[in-house]
2 protein chains.
Amino acid sequence: MSQEFGSIYELIRHYVEIDDVEWEYCKSMLSFKQFKKKEIILSKGEICSEIYFVVKGILRIYFVDQNGDEKTFHFSLENTFATDYQSFLKEIHTDFYIQALENTTVIIITNEMLNMLYANLKNGERLGRLIAEDYFFMMNEKIKGLYTQTPLQRYNSMNVAYPRILTRVPQHYIASYLNITPVHLSRLKRGIE
Amino acid sequence: MSQEFGSIYELIRHYVEIDDVEWEYCKSMLSFKQFKKKEIILSKGEICSEIYFVVKGILRIYFVDQNGDEKTFHFSLENTFATDYQSFLKEIHTDFYIQALENTTVIIITNEMLNMLYANLKNGERLGRLIAEDYFFMMNEKIKGLYTQTPLQRYNSMNVAYPRILTRVPQHYIASYLNITPVHLSRLKRGIE
DNA sequence: AAAGAACAATAACATTTGTTTACGTTTTCA
DNA sequence: TGAAAACGTAAACAAATGTTATTGTTCTTT
């Protein structure tokens, strides 16, 4: 059954070398968890104590603004991480919610586990740095998009960052990701066809 | 004169332990550079080959959108870094410009130097990870602000992220950071007093 | 299968933000 | 020091986006 950790093994190997002994050590700490569609995994006020690596399904990370409106920060599709990294690392209360948009299978990474990896893997710290850097780059691109693209342009490029997302999730979540109202998104789409 | 590297020493010590031998090694690789007010340090299309640590002055990081409008991405005040980290690390062409808004003194960090630090400092990789994480958190907060705050709210909180910035730089740069027109910022401010 | 909830589209109207132009002040620099 | 450029404010109008209400469809759940 260790076969099923293949996706995260591939991801690690994308960043650093890891030998068989180290990988066995990693695997011994990993576990699966399943979430049902619409289930809320993390809520505001809690401390995010796990990183989720999505094997199958979709997680949505969002927060709620002063008016009570949900703002979708990120979608985590297959083979990407979902967490509030800040809450996770600093053990502070999170502002975010994480919700499964489909029945979803994840691999769980805990904080203790991560620190063991940093301490015991030859390239542990390096792996952490490279992943943090890549997520930093992703944020950078996201901000660039927010500054330079119209909502419609961002809508049209969503299929690049999130393959097939437009057919996988309800449209009002897309609107909340674009930071516009569902009504306005519907209106913008009308202009296209 | 090694005294003058004090600010970056403090910053490193904020993240990791570094012994005297290691610090001497670091210092031997660091150097100063001066930029004149309005000078452009990095331009689109170039490869960003240095990280700038601002000792005194202000650097502005911006890009230009399809319409030719400048969008200010970030201000680097004293004791913070300025670079296009993505261009720097991957040696790809940058989309950004970096400009000095005042006569500015920086400490220069090159890529070769950084890799030597990663390789030779006990906590080199860890330092890199922690700094990447902190900048990642900063991006996260920035995005949260873009989603949840009105331009006026963001204007009012700029003095927190960037102390005294509102009196240090021309207002149209502030507007471009807020992603609104200078005319509109002027109008919003009128509503306040 | 039926009932209710969730969802998407549409229209009418309100609010926010952008655009253009003008004017007066401050800053820069030759 | 004087001219030119840069800068901030203002007003009028245009475009983009939000709000509310309505309707019909699709999805959930019993």
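Reminder, nothing fancy here: chain letters follow the sequence lines and each chain counts from 1. Keep in mind that what you see is a predicted model, and the values were worked out from it rather than measured.
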Rounded to whole angstroms, how far apart are CG on B:Leu185 and C1' on C:dT19? 16 Å
Would you indicate what A:Pro151 reaches in the nucleic acid, counting non-hydrogen atoms under 4.0 angstrom: base, sugar-phosphate, or nothing? sugar-phosphate
Got a salt bridge between B:Glu141 and B:Lys144, using NZ or NE/NH1/NH2 to carboxylate O under 4.0 Å? yes
Identify the pairs formed between an N or O of the protein and an N or O of nucleotides 18-26 of chain D at a distance under 3.5 Å, and give each distance.
from, atom 1, to, atom 2, distance (Å)
D:dG18, OP2, A:Thr181, N, 3.2
D:dG18, N7, A:Arg187, NH2, 2.9
D:dG18, O6, A:Arg187, NH1, 2.9

For A:Glu39, which residues count as a side-chain hydrogen bond (donor to acceptor under 3.5 Å, both in side chains) partner, sequence neighbours excluded? none
Inter-end axis angle, the helix from C:dA1-D:dT30 to C:dA30-D:dT1, with every axis fitted to five base pairs (rounded, 10 degrees): 60°
Any side-chain donor near an acceptor of the partner, A:His14 and A:Tyr9, under 3.5 Å: no
Spacing between A:Glu102 atom CD and D:dC27 atom C1', to the nearest angstrom: 15 Å
B:Gln149 CD to C:dT17 C1', straight-line distance once rounded to whole Å: 18 Å
Just how far, in rounded Å, is C1' of D:dA10 from CG of B:Leu188? 14 Å
Less than 4.5 Å apart, side chain to side chain, heavy atoms only: is that true for A:Glu133 and B:Leu89? yes
Going by the rule salt bridge (Lys or Arg N to Asp or Glu O under 4.0 Å), which residues pair with A:Arg126 if we only count those two or more places apart in sequence or in a different chain? B:Glu125
Identify every side-chain donor-acceptor pair in residues 110-118 of chain A under 3.5 Å, counting partners at least two apart or on other chains, and give the distances.
from, atom 1, to, atom 2, distance (Å)
A:Thr110, OG1, A:Glu112, OE1, 3.2
A:Thr110, OG1, A:Met113, N, 3.2
A:Asn111, OD1, A:Asn115, ND2, 3.3
A:Asn111, ND2, A:Phe88, O, 2.9
A:Asn115, ND2, A:Asn111, O, 3.3

Those residues at least two apart in sequence (or on a different chain) that pass ring-ring contact (aromatic ring centres under 6.0 Å, His included) with B:Phe136 are A:Tyr85
Please enumerate all residues that pass side-chain hydrogen bond (donor to acceptor under 3.5 Å, both in side chains) together with B:Glu70, with sequence neighbours excluded. B:Arg60
Grab the NZ-C1' distance between B:Lys189 and D:dC7 for me, whole Å please. 12 Å
Once the angle between the rings of A:Phe63 and B:Tyr147 is folded into 0 to 90°, is it parallel (under 30°), tilted (30 to 60°) or perpendicular (over 60°)? perpendicular
Residues at least two apart in sequence or cross-chain that pass side-chain hydrogen bond (donor to acceptor under 3.5 Å, both in side chains) with A:Tyr173, listed by chain then number, are none
With a 4.0 Å heavy-atom cut-off, tell me which residues in residues 165-172 of chain B come close to DNA chain D, sorted by residue number. B:Pro170, B:Gln171, B:His172
Of the nucleotides C:dA9, C:dT17, D:dA11, which has the atom closest to the A:Ser186 side chain? C:dA9
B:Glu70 CD - D:dA6 P separation (whole Å): 12 Å
Using whole Å, report how far CD1 of A:Ile174 lies from P of C:dA6. 19 Å
Measure CZ/A:Arg154 against P/D:dT17 and give the value in whole Å, please. 10 Å
If the test is side-chain contact (heavy atoms from CB on, under 4.5 Å), which one of B:Leu166, B:Ile180, B:Leu188 qualifies with B:Tyr155? B:Leu166
Taking the inter-plane angle between the rings of A:Tyr162 and A:His74 on a 0 to 90° scale, is it parallel (under 30°), tilted (30 to 60°) or perpendicular (over 60°)? perpendicular
Sequence neighbours left out, what passes side-chain hydrogen bond (donor to acceptor under 3.5 Å, both in side chains) with B:Ser176? Give chain and number order. B:Thr72
Could you go over nucleotides 25-30 of chain C and give all protein N or O partners under 3.5 Å, atom names and distances?
from, atom 1, to, atom 2, distance (Å)
C:dT28, OP1, B:Lys37, NZ, 3.0

List for me each residue that meets salt bridge (Lys or Arg N to Asp or Glu O under 4.0 Å) alongside B:Lys44, sequence neighbours excluded, and say none if there are none. none
